[in-house]
Structures are given as C-alpha cells and as structure tokens.
Novice: 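Let me begin by handing over the structure; questions about it come next.
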Amino acid sequence: MRRAEATAGLILFLIALGSGAAAGAQVPQDNDHTLQAMRDEMTRAKTRLELKIPNIEQPVRPYFVQYRLLDLEVREVVAEFGTLLSSTHTRNRFMDVDARVGSYKLDSSNFVSDEGFRGFIGPTGEVGVDRDYDSLRQDLWIATDQAFKEAVETYSRKQAYLSSLARQSDIDDFAKGEPVQLVEALETPDWTSRNWDQEARETSATLRAFSEIHESRVTYYLVYATEYLLTSEGTEIRQNRHFAAIEAGVSTFANDGVPLNDFYATYATRPADLPGVETVRKGLNVAGTELMTLRAAPPAQDYTGPVLFEARAAAPMLAQVLGPAVNGARPPISFSPVMEQMLGNLGGKSDWVGRLGARVLPAGVSLVDDPSARDFRGTPLIGSYAVDNEGVRAQKVTLVDSGNLKNELMSRRPGPDFNESNGHGRAAFLNDAKPTMSNLFFSSAQTLSAADLKKKFLDSCRAEKLNYCLVVREMDNPVLSLLHQEDFSELLASYGGGAGNGDRLPLVVYRVYPETGREEMIRGSRIIGLNTRALRNLAGIGNDNFVYNYMQSQNNGFAGTALGAFGSAQVGLPAAVVAPSLLFDELEMRGARGEAKRLPLLPPPPMSPAK
C-alpha cells in the first residue's frame with residue numbers, strides 16, 4: 001500500500017514541515033529565479049486578471065491569489081529480511097495555485113457542491129527542476145487562469161446554494177493575514193557519509209530471527225526540500241526543509257488464521273540525526289518479539305472495567321481523541337447531508353466548539369500546543385515550525401487551563417468561537433490548510449507516580465470484584481502495520497464508521513490479575529466509546545511523561561478526523577504529543593477483531609541469522 005503512495009506522500013508531508021529561521025526581506029544572491037517569476041506573474045494577476053460575465057456590469061476579479069511551489073529531493077531505501085527491494089534518489093518541483101473570488105466575508109472556498117468538493121485548491125502540476133524563470137512563468141500563467149475560472153464557477157454555485165437556505169451563517173470565509181517575509185539562503189542537501197543502503201540491509205536482517213513473520217518492510221526516507229509561498233497580500237516565503245524517517249511494518253498469522261501486525265517508527269529532523277543500526281535493530285527486535293507473543297496470545301473477550309493506559313499508549317490515544325476536538329474552524333458548507341454524515345462518522349467535527357469556559361478535561365489539567373518547542377527534556381519534538389502553511393507566524397496556544405476550555409487551534413478559516421488564525425493552519429501539498437496540532441503537551445497539577453497509579457488501578461479492579469483488568473501498552477497505527485491496501489480497506493470497512501464515536505485500536509494489551517499480579521497478553525481487542533467525554537473524568541494521571549512523535553494523515557477523508565492520527569512519512573504532517581499514563585475507571589472493550597484467513601500449507605523455510 002505505502003509503496004504506491006511514496007512520491008505523492010512525501011510531497012504531502014514536506015510542504016507541511018516547519019522551520020525556525022529568522023525573518024528577512026532580502027533574497028540572497030543565487031541562481032534561483034523562482035521567487036522573481038512568482039512575483040512578476042502575481043503582479044499581472046493582481047492588476048490585469050478579470051473576467052467579464054454577460055449581464056453583469058463590473059468584471060469579476062480575484063481578491064486573493066496564492067502561489068505555492070515545492071522543490072523536493074528524496075532518497076528512499078526499502079528493504080526486507082536483509083535485502084534491498086528498492087533504492088531511489090529523485091528530485092521534482094511541484095506548484096499549486098489558489099485564486100479566490102468574492103471577499104473575505106464570502107468567497108469561492110469552503111464549499112462542497114452537488115459535484116463534490118470544490119474551491120479549496122487551484123490547479124496543480126509539476127514544473128521544471130532548473131529554477132528557470134521563463135518556464136515557471138508560463139506554468140504559473142496557465143495555472144492562474146485555470147484557478148481563477150474555477151473560482152468564478154464555484155462562487156456562482158455557492159451563492160446559488162446559499163440563496164436557497166432559510167438562514168445563512170454569519171461566519172466569514174477567510175481571515176485577513178499580516179504579510180510575512182521569510183527568505184532563507186538555499187541549502188545543499190547533506191546526506192551524510194552513512195551508507196543508507198547498507199543500513200537498510202543490516203536493520204531489516206534483524207527480522208530473520210523470527211521465522212514466523214510472513215512479510216516485513218523497512219523503509220528509510222531522507223528528504224531535503226525548499227518551499228515557496230507568495231500571496232497577493234504580500235507574504236513571501238522561501239524556506240528549507242529537511243526530514244528523515246525509518247518506518248517498518250511486520251505481519252504474521254495466529255494459529256487460528258487471524259492476521260496480526262506490528263510496526264516500528266522513528267523520526268528525525270535531519271538524516272544525520274536518525275538512530276544508528278544497533279538502535280534500530282533493537283526497536284525492530286521489540287516489534288518482532290511483540291508480534292510473536294501476540295501470535296501465541298489468546299483472543300480478547302468483551303470487557304467493561306478499569307483500564308490503565310501506560311504513557312507509551314496514552315500519548316497516541318490522545319492524538320486520536322484530541323485531534324478533531326481542538327480544531328476551531330467551521331467545516332465546509334455542504335450541498336448534501338451525506339457530507340455532514342460522513343464528517344460525523346469519522347469524527348471530523350469538534351465537540352468542543354461553542355463550549356469556551358466549560359470544563360472539558362479533569363480539573364487541574366492543562367493542554368498547550370507549542371510550535372516553537374524543539375524538545376522535551378532533551379527528546380526532540382518533530383512538530384515544530386515558525387510559519388504555518390498559510391503564511392501566518394506560529395503561536396503557542398493554551399487550549400485548556402485547569403480543565404476549562406480557553407482556546408482552539410485556528411487557521412485562516414474562521415469558526416464559531418474565533419475569527420483570526422493563531423498560526424495553526426497546517427496542510428500537506430495540494431490540501432486545504434486545517435487547524436492542526438504541532439507539539440501538544442498534556443499535563444496536570446495532580447499526578448501520581450507510576451507505582452501509585454498502578455496500585456490505584458489494581459485497587460479499583462479488586463473493588464469491582466473482577467478476575468482481571470486491562471493495561472494498554474501500545475496503540476496500533478494500521479497505516480504502518482498493514483502492508484497491503486486491501487487489508488487497510490478491510491479494516492476501514494469495519495472500523496472507520498465508529499471512529500467518530502470513540503472506537504480505538506490498541507495493539508499491545510495485557511490482562512492483569514490483581515490477586516497474583518500475573519500478566520497475560522491478549523490479541524485483537526477494540527476500545528468502544530473512548531471520546532472527549534471519557535477524558536473528562538479520568539481516575540488518575542501519572543507523572544511519567546512520554547514523547548510520541550508521529551505523522552498526522554493528509555489522505556482525503558482522513559485529515560482533520562479521528563483517523564488523522566494514522567499517518568506515515570509518505571502521507572503525513574509531523575506532530576508530537578507529550579503525555580503521561582492515564583487511568584480510566586471504566587471503559588468498554590470488545591473481543592477479538594479480524595477474520596481468519598487460510599494459513600500457508602507448508603512451514604516457513606529456514607533463514608540464516610543476521611550477521
């Protein structure tokens with residue numbers, strides 16, 4: 001599944017990555033004519049672009065035009081069981097033009113018509129890699145013309161639809177932005193002297209120790225890019241990007257034929273900062289060992305009672321639950337109620353909007369999103385950036401203070417509670433910018449040590465007179481753990497519709513027997529009803545903070561929903577959640593998920609150990 005999306009996904013990811021360089025108005029002296037071509041074509045669009053429509057006295061002109069361009073250089077190495085599947089080095093340049101018709105109050109964006117989603121992006125395409133002035137101007141000229149004409153048509157359809165409504169929204173379509181100038185010197189890619197092909201061979205060979213693993217993929221992504229942004233308001237940005245990732249998925253079958261999966265992922269802001277071979281081998285060995293333990297584990301049974309999320313699981317769980325909740329922008333205006341239903345099913349609408357001042361988390365809990373944070377107690381955070389993807393400077397936002405909702409993440413699309421952006425309009429290439437988390441910090445004034453939280457959990461279990469209670473040690477990310485598109489589609493068919501109501505996918509779950517302390521791994525459980533309301537009444541919060549660096553999906557239908565936490569470096573936005581262990585008095589878990597498949601007829605062949 002992920003191989004087919006590699007190029008598009010890396011494009012998607014990189015346009016979103018942030019930078020902390022200082023602002024500057026002067027373009028460094030180099031042979032890059034990109035900004036000059038964008039400026040000159042923007043001047044023509046601002047002063048001369050218009051469309052005369054019959055029976056309308058004044059010609060239509062765009063009130064806002066935006067050019068985006070991404071210069072992308074990528075090294076990707078894919079290996080399995082010690083051998084290379086592919087090793088590529090590519091460079092491409094892609095552009096996107098957005099033109100808006102109307103006004104900041106009401107424009108051609110943010111509308112889903114009877115013909116589908118229209119008006120969020122203008123025409124896009126690939127442009128020459130030589131940074132040539134004339135070639136780029138030609139491409140921008142055609143793309144601007146197409147984007148403008150599409151905007152005129154969309155605006156007409158939107159006005160017609162709104163005129164049929166008994167009551168129209170009084171929320172503006174677009175917030176004005178202060179011009180930002182941030183022009184960096186071009187950066188030469190530093191791939192380091194490390195032999196990435198050989199590292200992929202050596203790390204993937206670790207999984208030879210597990211003969212019952214049916215399939216595995218270990219992928220190295222090394223990325224350098226330059227992002228350009230120019231708007232008719234005066235924003236002018238050229239920023240360098242660098243990012244690296246190692247992601248792996250492994251799969252097998254239980255003895256009853258039920259498929260099982262696990263994954264490993266690690267991220268860095270530069271290739272040089274990726275962990276070395278021995279560290280990655282240890283991580284892959286943990287994933288392989290977990291998978292073999294799952295293979296021998298009994299299927300989960302239905303359960304209702306106390307559940308302890310250890311910090312390693314609590315942070316990704318919060319990413320899933322809080323992602324949609326902190327989004328303060330209004331959803332698109334929809335011609336069809338089907339769109340509204342889809343957003344509801346996938347958790348694409350915030351249930352915190354309209355509740356400013358209300359208690360949404362336990363008293364004493366604070367929730368802060370800080371794009372400027374670079375690390376937490378020495379552990380790097382990957383969600384950092386200086387200017388968001390709409391050209392607005394990033395801001396630290398206190399979302400919840402002492403349990404009460406104080407703020408929301410905002411893009412330039414206003415919402416019911418706030419009109420202005422706070423620098424959280426994040427998007428991957430070709431996507432509409434949405435209010436999106438960067439580095440999210442969950443903290444509490446009242447915490448317990450890990451030992452005391454475990455004791456409280458076991459005491460609750462005994463009080464309920466339960467034979468066992470459940471501890472969640474890791475959450476699944478099926479985008480990484482599942483290696484085939486058909487498996488992912490099958491999972492979505494059974495799971496996706498419940499995501500908006502709080503269905504969650506734990507990966508590593510243990511039964512803990514309170515009388516003896518014995519632990520037993522189980523497989524295939526699914527959590528029901530774990531939503532923001534469940535977070536409001538946590539029974540206990542630990543002091544063992546864990547840094548969870550991850551990718552927020554930018555796939556259509558996923559971004560901004562409860563499925564948004566299921567991302568990869570190919571199709572994701574960088575983000576981080578810092579959170580401790582969390583104890584719930586009562587959660588519902590359903591029994592084993594997954595349908596049995598036919599097992600191989602022969603046992604696995606012998607495989608020589610890794611050297």
Side-chain angles (χ1 to χ4, degrees), residues 210 248-250 252 254 260-266 282-301 303 305-321 379 442 448-458 460-461 466 468-478 480-481 503-514 516-528 530 534-535 538-550 565-566 577-585 587-594:
F210 305 97
V250 291
T252 189
L260 300 169
N261 306 275
D262 208 321
F263 71 95
Y264 167 82
T266 185
K282 289 178 182 178
L284 290 173
N285 188 66
V286 169
T289 302
E290 284 179 348
L291 190 61
M292 294 301 100
T293 307
L294 278 171
R295 192 171 175 274
Q301 305 297 318
Y303 168 87
V307 177
L308 175 62
F309 282 77
E310 293 186 353
R312 184 183 173 199
M317 178 271 290
L318 289 174
Q320 296 177 35
V321 177
T379 301
F442 182 102
L448 296 171
S449 68
D452 288 342
L453 191 63
K454 180 73 172 290
K455 181 179 183 301
K456 185 172 184 178
F457 163 67
L458 293 175
S460 297
C461 193
L466 297 170
Y468 63 84
C469 290
L470 299 182
V471 174
V472 181
R473 296 207 164 122
E474 186 175 357
M475 297 295 288
D476 196 4
N477 180 351
L480 297 181
S481 64
D503 287 10
R504 311 293 168 201
L505 301 177
L507 181 64
V508 178
V509 182
Y510 279 83
R511 292 173 180 159
V512 179
Y513 295 85
T516 64
R518 181 172 70 90
E519 296 187 349
E520 177 186 37
M521 185 185 282
I522 57 175
R523 59 178 165 91
S525 57
R526 179 177 297 181
I527 304 170
I528 305 298
L530 207 176
L535 289 177
L538 288 169
I541 299 172
N543 63 1
D544 51 343
N545 285 303
F546 177 80
V547 174
Y548 175 60
N549 287 314
Y550 73 107
F566 298 151
V577 175
V578 179
S581 298
L582 301 175
L583 174 61
F584 293 82
D585 265 338
L587 283 179
E588 181 181 354
M589 289 230 191
R590 296 276 173 84
R593 70 178 193 263

Novice: Looking only at heavy atoms, which two atoms of Leu453 and Ser581 are closest? And how far apart?
Specialist: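 Smallest heavy-atom distance, with atoms named: CD2-CB, 3.6 Å.
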Novice: List in chain and number order the residues that pass side-chain contact (heavy atoms from CB on, under 4.5 Å) with Asp262, two or more places apart in sequence or in another chain; answer none if no residue qualifies.
Specialist: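 Only Val250, Ala287, Glu290, Leu291, Glu474, Leu507 meet the side-chain contact (heavy atoms from CB on, under 4.5 Å) criterion with Asp262.
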Novice: Hey, could you give me the CG/OG1 distance between Leu260 and Thr293, rounded to the nearest 0.5 Å?
Specialist: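 Taking CG in Leu260 and OG1 in Thr293, the distance rounds to 11.0 Å.
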Novice: What's the separation between atom SG in Cys461 and atom NZ in Lys456, rounded to the nearest 0.5 Å?
Specialist: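 Between Cys461 SG and Lys456 NZ, I get 14.5 Å after rounding to 0.5 Å.
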Novice: Any side-chain heavy-atom pair from Val547 and Asn545 closer than 4.5 angstrom?
Specialist: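 In short, these two side chains do not touch, never coming nearer than 4.5 Å.
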Novice: For Glu519 versus Tyr510, what's the shortest heavy-atom pair and its separation?
Specialist: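 Smallest heavy-atom distance, with atoms named: CB-CD2, 4.0 Å.
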Novice: For the atom pair NZ (Lys454) and CG (Leu448), what is the distance rounded to the nearest 0.5 Å?
Specialist: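 The CG atom of Leu448 is 14.0 Å from NZ of Lys454, to the nearest 0.5 Å.
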Novice: Compare every heavy atom of Pro306 with every heavy atom of Leu466, then report the nearest pair and how far apart it is.
Specialist: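 That closest heavy-atom pairing would be CD1-CD, 3.7 Å.
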Novice: With side chains defined as the heavy atoms from C-beta onward, is the minimum distance between Leu470 and Ile522 less than 4.5 Å?
Specialist: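 Side-chain contact under 4.5 Å: yes.
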Novice: Tell me whether the rings of Tyr468 and Tyr303 are parallel (<30°), tilted (30 to 60°) or perpendicular (>60°).
Specialist: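 Taking Tyr303 first and then Tyr468, their aromatic rings lie parallel (interplane angle under 30°).
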Novice: For Ile528 and Arg590, work out which heavy atoms get closest and say how close.
Specialist: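 In terms of heavy atoms, the two residues are closest at CG1-CG, 3.3 Å.
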Novice: If we only count heavy atoms from C-beta on, is the Met317 to Leu582 side-chain gap below 4.5 Å?
Specialist: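 When only atoms from C-beta onward are counted, Leu582 and Met317 do touch, with a gap below 4.5 Å.
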Novice: Please identify each residue that fulfils salt bridge (Lys or Arg N to Asp or Glu O under 4.0 Å) with Arg511, with sequence neighbours left out.
Specialist: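 In terms of salt bridge (Lys or Arg N to Asp or Glu O under 4.0 Å), with neighbours along the sequence ignored, Arg511 is linked to Glu520.
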Novice: What's the shortest heavy-atom distance between Ala534 and Phe584, and which atoms?
Specialist: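 Taking Ala534 first and Phe584 second, the nearest heavy atoms are O-CE2, 3.6 Å.
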Novice: Just how far is it from atom CG of Leu535 to atom CG of Leu530, taken to the nearest 0.5 Å?
Specialist: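 These two atoms lie 6.0 Å from each other.
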Novice: If every non-hydrogen atom of Ala539 is compared with every non-hydrogen atom of Asp585, which pair is closest and at what distance?
Specialist: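 Taking Ala539 first and Asp585 second, the nearest heavy atoms are CB-OD1, 3.4 Å.
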Novice: Are side-chain heavy atoms of Val577 and Tyr550 found at a separation under 4.5 Å?
Specialist: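 Val577 reaches Tyr550 side chain to side chain.
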Novice: Are any of the side-chain heavy atoms of Thr252 and Met292 separated by less than 4.5 Å?
Specialist: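 Yes, at least one pair of side-chain atoms sits under 4.5 Å.
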Novice: May I ask you to test the Ile527-Glu588 pair for a side-chain heavy-atom distance under 4.5 Å?
Specialist: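 Answer no - side chains too far apart.
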Novice: Using a 4.5 Å cut-off on heavy atoms from C-beta on, say whether the side chain of Glu310 contacts that of Phe546.
Specialist: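 They are not in side-chain contact.
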Novice: Looking at CG of Asn261 and CG of Leu480, how far apart are the two atoms once the value is rounded to the nearest 0.5 Å?
Specialist: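 With rounding to 0.5 Å, CG (Asn261) is 11.0 Å from CG (Leu480).
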Novice: Measuring from Asp503:CG to Arg526:CZ, what's the distance to the nearest 0.5 Å?
Specialist: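 It is 6.0 Å, given to the nearest 0.5 Å.
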Novice: Could you tell me if the side chain of Val321 sits less than 4.5 Å from the side chain of Arg504, heavy atoms only?
Specialist: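 They are in contact (side-chain heavy atoms under 4.5 Å apart), so the answer is yes.
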Novice: Could you walk me through whether Asp476 and Phe263 pass the side chain to side chain contact (heavy atoms under 4.5 Å, CB included) check?
Specialist: CA-CA 8 Å; Asp476 196 4; Phe263 71 95; 4.1 Å; yes
